[in-house]
Amino acid sequence: MNLFKKSGWSMVVLVMLGIILLGACSEEETPKETDTPGKQLAIIKNYELSTRNLVLDEVEWIEESDKDRIKELGLDVEKDLPTGFVMYNETKEESSMKVAEDAEFLLVNQENPSEPRVVDEKEFITYLLGVKGPYYVTVEDDVIVKVEEKYMP
């Protein structure tokens with residue numbers, strides 16, 4: 001049975017079903033930026049030029065609105081999140097990952113933070129000397145394909 005060749009009523013039913021399903025999901029928590037598969041938030045500890053490896057320490061971004069996570073970790077909002085957020089680092093474990101030859105590097109655009117600026121690898125390495133993170137690191141097939149500086153409010 002081909003649903004795409006049915007009458008207009010079939011399309012109305014499909015649209016209504018979609019609306020109902022979306023409504024049922026509306027009370028769920030909005031996915032975080034790091035919920036993308038292969039994307040993690042990390043502090044960059046080092047960039048090993050000879051091997052093209054980034055040394056990373058993965059962190060978790062927690063905001064005041066993450067009440068369940070704050071409770072789970074036993075954090076005190078006033079003490080641990082005085083600016084409204086905290087970069088939580090439970091393990092302080094470093095890992096090393098290869099950077100793809102065609103990796104993309106994006107830095108916060110100070111003039112317009114909603115539009116990151118693309119830089120080449122050399123400019124990124126120079127910037128990295130002063131700003132270790134946080135950065136979103138996107139990994140595909142065990143290789144870093146994108147590094148994007150996280151905007152810090």
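Rounding to the nearest 0.5 angstrom, the gap separating the CD atom in E94 from the CG atom in D57 is 6.0 Å. To the nearest 0.5 angstrom, D66 atom CG is 14.5 Å from K71 atom NZ. Expressed to the nearest 0.5 Å, how far CG of D141 lies from NZ of K98 amounts to 14.5 Å. For the atom pair Q40 CD and S95 OG, the distance stands at 6.0 Å (nearest 0.5 Å). Residue T126 holds its OG1 atom at 6.0 Å from CG of L129, rounded to the nearest 0.5 Å. The line from NZ of K45 to NZ of K92 is 7.5 Å long, rounded to the nearest 0.5 Å.
Considering only heavy atoms from C-beta on, V139 stays 4.5 Å or farther from V145 through its side chain. A 4.5 Å side-chain heavy-atom check between V99 and N53 finds every atom pair outside the cut-off. For the pair L54 and N46, the minimum side-chain heavy-atom distance is 4.5 Å or more. You'll find the side chain of F124 reaches within 4.5 Å of the side chain of I44, heavy atoms only. Side-chain contact check for Y88 versus V59: every heavy-atom pair is 4.5 Å or farther apart. Side chains of V86 and I70 form no contact here, defined as non-hydrogen atoms less than 4.5 Å apart.
With L56 as the partner, the side chain to side chain contact (heavy atoms under 4.5 Å, CB included) test is satisfied by one option alone out of I43, I144, L41, V147: I144. Screening E123, E111, E149 against R117 for a side chain to side chain donor-acceptor pair (under 3.5 Å) leaves a single residue, E123.
No close placement of the F105 and Y135 rings is indicated, their centers lying 6.0 Å or farther apart.
Of all non-hydrogen atoms in E48 and V55, the two that sit nearest each other are OE2-CG2, 3.5 Å.
In this structure, K39 is positioned above the aromatic face of Y136, its NZ or CZ under 6.0 Å from the six-membered ring centre and within 45° of the axis.
Using a cutoff of 4.0 Å between basic side-chain nitrogens and carboxylate oxygens, R52 and E101 are scored as salt-bridged. Of the charged side-chain nitrogens involved, at least one lies within less than 4.0 Å of a carboxylate oxygen, so that R69 and E60 count as a salt-bridged pair.
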